[in-house]
Amino acid sequence: MNKIVQQFLAEVDQRNQHQPEFMQAVTEVAETVIPYIVQHDIYYGQNILMRIVEPERVVSFRVAWIDDKEEIQVNRGYRIEMNSAIGPYKGGLRFHPSVNLSILKFLAFEQVFKNSLTTLPMGGGKGGSDFDPKGKTDTEVMRFCQSFMTELFRHIGPNRDIPAGDIGVGSREIGYMFGQYKRLKNEFTGVLTGKGMSWGGSLIRPEATGYGTVYFAEEMLAHQNTSMEGKVVVISGSGNVAQYAAEKCIQIKAKVVTLSDSSGYVYDPEGIDEEKLQFVMELKNVKRQRISAYVEKYPKAQFHAKKNPWEVPCDIALPCATQNELHETDAKMLVKNGCICVCEGANMPCTPEAISYLQNNNVSYAPGKASNAGGVAVSGLEMAQNSLRYSWTRSEVDERLKAIMQDIHKSCLDYGKEKNGVNYVKGANIAGFVKVADAMLAQGVV
Ligand code: NDP
Ligand code: 2IT
């Protein structure tokens with residue numbers, strides 16, 4: 001078996017050189033899905049995984065724009081249209097200086113499995129730019145978004161490819177891009193998700209990824225006959241996902257003690273309550289400042305510069321910032337401190353070595369493609385509401401989100417139950433694969 005996996009990976013590597021993040025994501029899937037393919041005649045011999053790792057289409061384009069000093073800036077834009085077997089391409093846009101083909105291909109690849117797990121009819125895609133919104137004025141961000149959409153618009157559409165937010169792309173950026181798309185096409189359609197409430201957005205979409213991650217963690221804990229109540233939770237990041245993961249934890253009476261950004265983390269031993277979280281939301285979403293300002297307002301908290309929060313003792317860890325932010329040394333620290341559950345809000349935040357260590361030390365571990373699928377799931381619900389030209393209430397959307405997260409957890413159990421516990425990686429990969437592979441087989445060699 002190992003030999004088949006190695007041969008497969010060598011061939012993919014040959015075709016995708018210098019794409020470490022993409023190979024990392026493919027390796028995890030190959031190791032769990034190839035043994036399943038070999039045991040199932042309908043998939044074996046169809047080269048199905050090789051077809052899934054090859055994007056259907058990759059678009060790369062120049063984004064030129066003029067900054068406030070009237071200087072001409074040039075960025076690179078991308079859209080990876082990975083797989084449309086079960087629906088139109090769907091996935092976020094990331095604006096961050098680190099964005100490159102490898103990172104977007106890993107994200108697009110994971111999105112295919114994630115979207116399949118949601119049970120909604122969405123294929124997988126991802127895009128973005130190496131543009132850094134940090135330190136830019138609103139008008140600079142607007143000019144960039146307009147230039148970006150002036151090229152992207154010809155590749156997307158409400159039945160073709162429906163982008164959304166991700167790192168560096170929130171409601172402000174979605175608004176500017178939607179305005180430009182509408183102007184270019186002269187059509188008001190649900191081409192983007194994460195829209196504002198007065199122009200086609202869905203209630204609960206801003207909260208969905210963070211809430212969904214916590215709903216998934218609740219399922220993991222219930223499976224171990226315990227709950228989130230009273231548990232100490234360490235969260236990384238302080239953006240969209242981290243904020244609403246924290247909010248849901250607070251609502252269900254878990255104690256959140258950290259948040260972070262790329263400059264370091266804050267540790268509040270008394271716990272971050274609703275009022276403190278409101279301060280963080282204002283700080284991050286309106287003032288767009290650094291998390292260190294938290295300790296100026298709440299002096300009993302500590303700021304640890306250039307460190308991540310995994311050294312803080314906790315029961316539950318929710319990595320909600322970025323890929324490869326939790327390493328093996330961090331996993332060892334978490335285990336040593338008694339952590340029982342690591343549930344990913346971000347995409348691929350744990351390194352492969354960290355995952356192995358957690359799994360081998362009886363920590364219940366869920367990969368982002370299962371546990372953070374609530375964001376894209378509610379994007380799917382936003383698309384459904386746009387098609388209906390109708391809006392569901394907050395509680396209707398929240399209930400659907402919760403049901404979807406419970407369903408994903410059940411799929412992970414169906415395909416990932418092992419003698420000594422649940423392998424959520426295996427469960428998510430196989431469950432996500434089966435639906436996409438069946439659709440691809442039915443649609444022929446395309
Ligand atoms: P935001 O831009 O709102 O927040 C990102 C947060 O992560 C910020 O606190 C940011 O700090 C931190 N961060 C980003 N890059 C790094 C880095 N290289 N090192 C350390 N910290 C970093 O993004 P989101 O909250 O939307 O996304 C967070 C994660 O969740 C990503 O992995 C994303 O792919 C994933 N995700 C998002 C979904 C969504 O609906 N938004 C859905 C599913 C997954 P700083 O401000 O200093 O950069
Ligand atoms: O990684 C993700 O799932 C997202 N950034 C959300 C994608 C979406 O289309 O809502």
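FYI, the numbering just counts along the sequence from 1. Just follow the structure's listing: the first ligand is 1, and inside any ligand the first atom is 1.
Counting heavy atoms from C-beta outward, L221 and I340 have side chains that approach closer than 4.5 Å.
Between the OG atom of S227 and the NZ atom of K253 there is a distance of 11.5 Å, given to the nearest 0.5 Å. Atoms CE and NZ, on M348 and K369 in that order, are 9.0 Å from each other to the nearest 0.5 Å.
Aromatic ring pairs are classed by plane angle as parallel below 30°, tilted from 30° to 60° and perpendicular above 60°; the pair Y298 and Y294 is tilted.
Atoms of ligand 1 lying under 4.0 Å from any heavy atom of K134, numbered from 1 in the order shown and given with element: 45 (P), 46 (O), 47 (O), 48 (O). Listed by number with element, the atoms of ligand 1 under 4.0 Å from a non-hydrogen atom of R94 are 31 (C), 32 (O), 33 (C), 34 (O). Under a 4.0 Å criterion applied to the non-hydrogen atoms of S260, ligand 1 contributes the atoms 9 (O). Each of the atoms 15 (N) of ligand 1 lies under 4.0 Å from some heavy atom of H96. Atoms of ligand 1 found under 4.0 Å from any heavy atom of S238, numbered from 1 in the order shown, are 9 (O). Ligand 1 places these atoms under 4.0 Å from at least one heavy atom of G237: 9 (O). Ligand 1 places these atoms under 4.0 Å from at least one heavy atom of C320: 28 (C), 29 (C).
Checking side-chain atoms of N240 against main-chain N and O of P206 turns up a donor-acceptor pair under 3.5 Å. Judged by distance alone, with hydrogens and angles left aside, the side-chain atoms of N386 form a donor-acceptor pair with the main-chain N or O of G200 at under 3.5 Å. Using a distance-only test at 3.5 Å, with no hydrogens or angles considered, a donor-acceptor pair links the side chain of Q243 to the main chain of S238.
Summary of contacts: the protein heavy atom closest to atom 46 (O) of ligand 1 is R290 NH2, 3.1 Å. Atom 33 (C) of ligand 1 has as its closest protein heavy atom D166 OD1, 3.2 Å. From the protein, the heavy atom lying nearest to atom 31 (C) of ligand 1 is A321 O, 3.3 Å. Looking only at protein heavy atoms, the nearest one to atom 32 (O) of ligand 1 is N347 N, 3.2 Å. In terms of protein heavy atoms, atom 23 (O) of ligand 1 is closest to I167 CA, 3.4 Å. In this structure, the protein non-hydrogen atom closest to atom 6 (C) of ligand 1 is G239 N, 4.0 Å. Regarding atom 43 (C) of ligand 1, its nearest protein heavy-atom neighbour is T209 CG2, 3.4 Å.
Within the set L107, N240, T322, the minimum heavy-atom distance to atom 26 (O) of ligand 1 is found for N240. One option in S371, S98, A346 has a heavy atom closer to atom 30 (O) of ligand 1 than any other, and that option is A346.
Taking the ring centre of Y215 as origin, the terminal cationic atom of K248 falls outside the region bounded by 6.0 Å and 45° from the ring axis.
Distances shorter than 4.0 angstrom do not occur between any heavy atom of Q323 and any atom of ligand 1. Residue contact check for ligand 1: R205 places a non-hydrogen atom closer than 4.0 Å to it. In this structure, G170 has no heavy atom closer than 4.0 Å to ligand 1.
Checked against salt bridge (charged side-chain N to carboxylate O under 4.0 Å, His left out), E353 has no partners two or more places apart in sequence or in another chain.
For N372 and K114, the side-chain atoms include at least one donor-acceptor pair closer than 3.5 Å.
Shown here, atom 10 (C) of ligand 1 is out of close reach of the protein: none of its heavy atoms lies under 4.0 Å off.
On a distance-only criterion, N372 and ligand 1 share no N/O pair closer than 3.5 Å. Considering backbone and side-chain N/O atoms, K284 never comes within less than 3.5 Å of an N/O atom of ligand 1. Residue S262 places at least one N or O, backbone or side chain, under 3.5 Å from an N or O of ligand 1.
Both the backbone and the side chain of V241 come within contact range of ligand 1, each with a heavy atom under 4.0 Å.
Just one of F61, Y78, F153 meets the ring-ring contact (aromatic ring centres under 6.0 Å, His included) condition when paired with F148; it is F61.
When ring centroids are compared, F303 and Y267 stay outside the 6.0 Å threshold. Side-chain rings of F131 and W65 approach one another, their centers coming within less than 6.0 Å.
When heavy-atom distances to ligand 2 are checked against 4.0 Å, the residues falling inside are K90, G91, G92, Q111, K114, K126, A164, G165, D166, R205, N347, G375, V376, S379, ordered by chain and number.
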Can you check salt bridge (Lys or Arg N to Asp or Glu O under 4.0 Å) on K410 and D414, steps first, answer last? CA-CA 6 Å; K410 189 178 167 297; D414 289 345; 3.2 Å; yes

Using the salt bridge (Lys or Arg N to Asp or Glu O under 4.0 Å) rule, take D138 and R172 through it: C-alpha gap first, then chi angles, then the decisive distance, then the call. CA-CA 9 Å; D138 283 353; R172 174 182 62 171; 2.7 Å; yes

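Using a 4.0 Å cut-off between a side-chain N of Lys or Arg and a carboxylate O of Asp or Glu, R51 and E54 do not qualify as a salt bridge.
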